[in-house]
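Below you'll find the structure, written out as structure tokens, and then a few comments.
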Amino acid sequence: MTDQKRVIVLLGKPGAGKGTQGAALSKAFGWAHISTGDLLREEMLRDTADGVKLRGIMERGQLVSAEIVVPILCRKIEATEASGVILDGFPRNLAQAELLAQNGVVVTDVLYFDVEDDEVISRLSGRWIHKPSGRVYHEVNNPPKVSGIDDVTGEQLVKRSDDSRDVIAKRLDVYRSETQPLLSYYEGLKGVQLHQLDVSHKAISVIQESVLSIFQR
Ligand code: AP5
């Protein structure tokens with residue numbers, strides 16, 4: 001399914017900067033940036049039974065079942081003509097990683113962002129997003145030109161409903177139990193290049209330079 005495509009998995013806690021750096025990578029190399037969080041949030045807005053079910057799961061900080069996420073993701077990968085695909089927020093556990101491989105998607109790179117919990121909380125509490133595009137801002141670290149307004153469209157920015165303190169704590173628990181084990185899974189997987197970056201207390205621009213230099217080599 002992804003013959004000759006570069007497939008990059010972005011791995012890291014909620015708020016590690018996967019969306020921010022994924023967008024920069026996509027812009028620099030023309031690769032498709034696919035965020036399962038964004039895809040599910042789009043799905044959630046539909047007023048269907050599935051949409052309502054998704055809303056409940058995501059607002060509690062739990063993972064959506066693989067049966068829902070994998071077909072949505074595979075359709076998106078199949079539709080892209082870019083030479084590379086950046087997977088932001090997928091896989092989230094070993095079962096998803098195995099399903100990805102079974103669907104013929106060959107991961108070439110894993111980019112792991114290591115960040116401390118206290119920084120996650122301050123990043124997510126200050127985050128604002130532009131819902132239609134998925135563009136991400138931070139009220140202090142990456143503010144829009146006009147407070148509360150998207151730089152590109154002039155539309156209103158909003159808070160994500162799962163960025164409250166108690167849901168962030170739940171998402172961190174889920175990350176530790178389900179997603180963190182993927183690091184050793186990919187460490188041991190032949191053919192995958194694992195790149196690790198310590199991103200705590202570093203500016204977005206500094207991290208971006210390191211990220212781009214990995215793929216410019
Ligand atoms: P998802 O949308 O994937 O959320 P997440 O993984 O929790 O990650 P975030 O989007 O919160 O953070 P990020 O790492 O992208 O950070 P960002 O760049 O925005 O998933 C949401 C939910 O969807 C899940 O809980 C689950 O329910 C469901 N879901 C998604 N995928 C699924 C799957 N595969 N299977 C099952 N369920 C799934 O940055 C955060 C903030 O920090 C921003 O404000 C940014 O401006 C700022 N910032 C970024 N970098 C820095 C820096 N270096 N210094 C200071 N501030 C920074």
Side-chain angles (χ1 to χ4, degrees), residues 9-26 33-44 53-74 76-77 86-97 99-100 111-131 133-144 151 157-164 167-180 182 197-211:
V9 168
L10 304 184
L11 197 61
K13 286 176 189 168
K18 303 181 292 297
T20 303
Q21 300 302 337
L25 260 182
S26 168
H33 177 201
I34 303 178
S35 154
T36 44
D38 286 347
L39 291 175
L40 291 167
R41 274 184 289 279
E42 260 171 44
E43 203 68 25
M44 183 172 101
K53 204 160 97 191
L54 279 182
R55 200 171 308 148
I57 297 169
M58 292 172 75
E59 285 179 356
R60 286 193 298 274
Q62 295 166 335
L63 292 186
V64 174
S65 76
E67 289 70 28
I68 297 181
V69 185
V70 174
I72 297 176
L73 177 78
C74 288
K76 195 79 185 174
I77 295 177
I86 303 157
L87 299 183
D88 167 359
F90 192 97
R92 280 297 234 268
N93 56 27
L94 291 170
Q96 290 188 2
L99 273 172
L100 194 64
L111 183 51
Y112 170 62
F113 298 112
D114 191 10
V115 66
E116 291 164 11
D117 282 9
D118 60 346
E119 180 137 350
V120 163
I121 293 162
S122 79
R123 286 186 187 186
L124 295 184
S125 326
R127 171 162 63 183
W128 288 90
I129 60 160
H130 177 243
K131 232 178 190 169
S133 66
R135 259 184 298 283
V136 177
Y137 299 88
H138 187 279
E139 57 199 21
V140 179
N141 308 324
N142 181 27
D151 287 351
L157 301 177
V158 293
K159 287 269 182 196
R160 260 173 56 175
S161 56
D162 59 350
D163 277 348
S164 63
V167 183
I168 295 170
K170 173 68 189 168
R171 286 160 63 200
L172 282 169
D173 284 348
V174 171
Y175 174 82
R176 270 186 273 276
S177 60
E178 299 249 356
T179 312
Q180 182 75 35
L182 284 173
L197 287 178
D198 176 357
V199 298
S200 286
H201 312 296
K202 290 196 177 111
I204 293 174
S205 57
V206 171
I207 298 161
Q208 186 175 316
E209 236 174 81
S210 309
V211 166

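Remember, it's 1-based here, ligands and their atoms both numbered in the order they're listed. Values below: all heavy atoms of this structure, side chains included; hydrogens, waters and symmetry mates excluded.
Within 4.0 Å of ligand 1, contacts by protein heavy atoms are made from Lys13, Pro14, Gly15, Ala16, Gly17, Lys18, Gly19, Thr20, Thr36, Gly37, Leu40, Arg41, Met58, Gln62, Leu63, Val64, Val69, Gly89, Phe90, Arg92, Gln96, Arg123, Leu124, Arg127, Val136, Tyr137, His138, Asn141, Asn142, Arg160, Asp162, Arg171, Lys202, Ala203, Ile204, Ile207.
In this view, Arg176 and Asp117 satisfy the salt bridge (Lys or Arg N to Asp or Glu O under 4.0 Å) rule, not counting sequence neighbours. With sequence neighbours excluded, no residue satisfies side chain to side chain donor-acceptor pair (under 3.5 Å) with Ser122.
Of all heavy-atom pairs between Lys13 and Lys18, the closest is O-NZ, 2.9 Å. Of all heavy-atom pairs between Phe113 and Ile207, the closest is CE2-CG2, 4.4 Å.
Legend: salt bridge (Lys or Arg N to Asp or Glu O under 4.0 Å) pairs involving residues 119-129, not counting sequence neighbours, sorted by first then second residue: Glu119-Arg123, Arg127-Asp163.
Remark: side-chain polar atoms of Arg171 are not paired, donor with acceptor, to backbone N or O of Gly61 under 3.5 angstrom.
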